[in-house]
Amino acid sequence: MSLKQIHESGQAFRWIALSEDEYIAIHEDKWVRVKQEKDHLNFKHASKRELSKVWTAYFDLDRDYSSIRKSYRGLDGYLDEAMDYGEGIRILKQDLLEIIITFIISANNHIPRIKMSIEKISRFAGRRLGEVEGKEILAFPTLEALTRIGDEQWAQVKLGYREAYIRKSLQAIKNKEVDLKKLEKMNTLDAKKELMKLSGVGDKVADCILLYGMGRMDTFPVDVWMKRVMNRHYNVPEDESIRMIRQKGMEVFGETAGIAQQYLFYYERMKGR
DNA sequence: GCCCAGGTACGTC
DNA sequence: GACGTACATGGG
């Protein structure tokens with residue numbers, strides 16, 4: 001497990017990097033300072049209770065990634081390379097509302113700008129949780145706090161046309177048109193349909209929400225990077241539709257396709273840098 | 001100035 | 001259902 005790789009793999013936008021090996025992760029109103037020490041993690045000042053109640057689920061510590069990697073080994077050369085390169089990757093299980101907002105913002109946007117937007121939203125409405133080395137630690141805002149953000153502040157976040165998507169979606173969640181609690185009990189396909197009722201949530205964003213906010217590994221988000229991977233390494237013609245590419249990904253990589261996707265995405269984005 | 005970014009909504013066909 | 005297009009914003 002590698003904190004550095006998880007940090008670079010484009011799923012957590014609000015980690016605070018203290019160094020290459022030490023980060024602050026934030027989940028709801030909890031935060032933890034984690035340091036990589038060779039092959040194990042040091043969760044500084046985290047109580048045993050919090051470790052088992054919060055961070056085990058967040059870091060997906062109960063899943064046996066090595067056996068998943070073993071099951072993929074030899075399937076194809078490219079995934080082998082990607083798994084070697086990103087051996088320490090895990091899929092984080094992050095706060096559902098935060099992930100919904102984050103990935104609505106992600107659509108047709110640059111990663112640094114996505115980070116900036118989320119940071120601003122947290123600054124406007126997130127609770128202050130503490131401070132480490134002069135860096136303020138903010139919670140991602142609650143649903144109530146988000147719906148209290150005013151027009152002027154939203155405008156300052158510079159979300160462009162995504163602002164309306166988010167504000168509509170917040171209302172839909174607030175009045176239970178889309179009930180996030182019920183979502184957890186649904187199978188992946190039903191949950192996806194439900195999520196896609198939210199404004200700004202299409203196929204790809206829904207897949208990301210399922211994968212990063214609900215721990216559903218049986219998803220295969222296809223963005224421009226994954227399209228590139230599938231075109232170049234999986235015999236998918238350039239003009240193939242995203243829909244068909246997703247379907248192929250699910251067929252090839254199966255129940256843990258989301259994890260395979262993360263190895264491939266990370267490898268594609270990092271190599272050549 | 002032009003191109004692009006972890007795509008989606010909306011109107012046609 | 002599949003396809004084309006507009007869409008805010010800012011960095012390269």
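Letters A, B, ... are given to chains in the order of the sequence lines, protein chains preceding strands, and every chain is numbered from 1.
- In this structure, the CZ atom of A:Phe13 is 15 Å from the P atom of B:dA5, given to the nearest Å.
- Contacts of A:Leu211 with the nucleic acid, taken as non-hydrogen atoms under 4.0 Å apart, are absent.
- Rounded to whole Å, the distance from CZ on A:Arg162 to C1' on B:dT8 is 10 Å.
- A:Arg69 and A:Tyr263 share a side-chain donor-acceptor pair at under 3.5 Å.
- Using a 4.0 Å cut-off, some side-chain N or O of A:Arg228 falls inside it from OP1 or OP2 of B:dA5.
- The number of heavy atoms from other shown groups lying within 6.0 Å of NZ (A:Lys182) does not exceed 12.
- Distance A:Phe265 CZ to B:dG6 P: 7 Å, rounded to the nearest Å.
- The interatomic distance linking A:Ile209 (CD1) with B:dG7 (C1') rounds to 12 Å, in whole Å.
- Within 3.5 Å, no donor on the side chain of A:His110 pairs with an acceptor on the base of B:dG6, nor the reverse.
- Among the heavy atoms of the strands lying under 4.0 Å from A:Gly10 is at least one base atom, whether or not backbone atoms are also near.
- Classification of the A:Tyr78-A:Tyr267 ring pair by plane angle, with boundaries at 30° and 60°, yields tilted.
- Atom CD1 of A:Ile104 is separated from atom P of C:dT9 by 18 Å (rounded to the nearest Å).
- Where A:Val205 and A:Asn109 meet DNA chain B, the nucleotide closest to each residue was compared, and A:Asn109 sits on the side nearer the 5' end.
- One atom, CD1 of A:Ile166, and another, P of C:dT9, lie 14 Å apart when rounded to the nearest Å.
- Note: A:Trp225 and A:Phe265 have perpendicular aromatic rings, judged against thresholds of 30 and 60 degrees for the angle between ring planes.
- At the heavy-atom level, A:Val222 lies nowhere under 4.0 Å from the strands shown.
- One P atom belongs to B:dG11, the other to C:dA8, and the distance between them is 15 Å to the nearest Å.
- Taking the 5.5 Å centre cut-off and the 30° plane limit, the aromatic side chain of A:Phe103 is not classed as stacked on B:dG6.
- Separation of the P atoms belonging to B:dG6 and C:dA6 is 22 Å when rounded to the nearest angstrom.
- Side-chain proximity of A:Lys158 to C:dC7, C:dG10, B:dG6: nearest is C:dG10.
- Candidate nucleotides B:dT8, B:dG6, C:dG10 were compared by shortest atom distance to the side chain of A:Ala107, and B:dT8 ranks first.
- If you check the side chains of A:Glu8 and A:Tyr266, you find a donor sitting under 3.5 Å from an acceptor.
- One can find a donor-acceptor pair under 3.5 Å joining the base of B:dG6 and the side-chain atoms of A:Gln261.
- We find that CD1 of A:Ile100 is positioned 16 Å from C1' of B:dT8, with the value rounded to whole Å.
- Within 4.0 Å of A:Tyr266, counting heavy atoms only, lies no atom of the nucleic acid at all.
- The shortest distance between the side-chain N/O atoms of A:Arg243 and the OP1/OP2 oxygens of C:dA2 is below 4.0 Å.
- Counting non-hydrogen atoms under 4.0 angstrom, A:Thr102 reaches nothing in the nucleic acid.
- The base of B:dG7 has none of its N or O atoms less than 3.5 Å from a complementary donor or acceptor on the side chain of A:Tyr165.
- By the neighbour-count criterion of 12 heavy atoms within 6.0 Å, atom CG of A:Asn187 is densely surrounded, having more than that number from other residues, nucleotides or ligands.
- Following rounding to the nearest Å, A:Arg113 (CZ) and C:dT9 (P) show an atom-to-atom distance of 8 Å.
- Backbone-only engagement by A:Ser199 is indicated by non-hydrogen atom pairs under 4.0 Å involving sugar-phosphate atoms exclusively.
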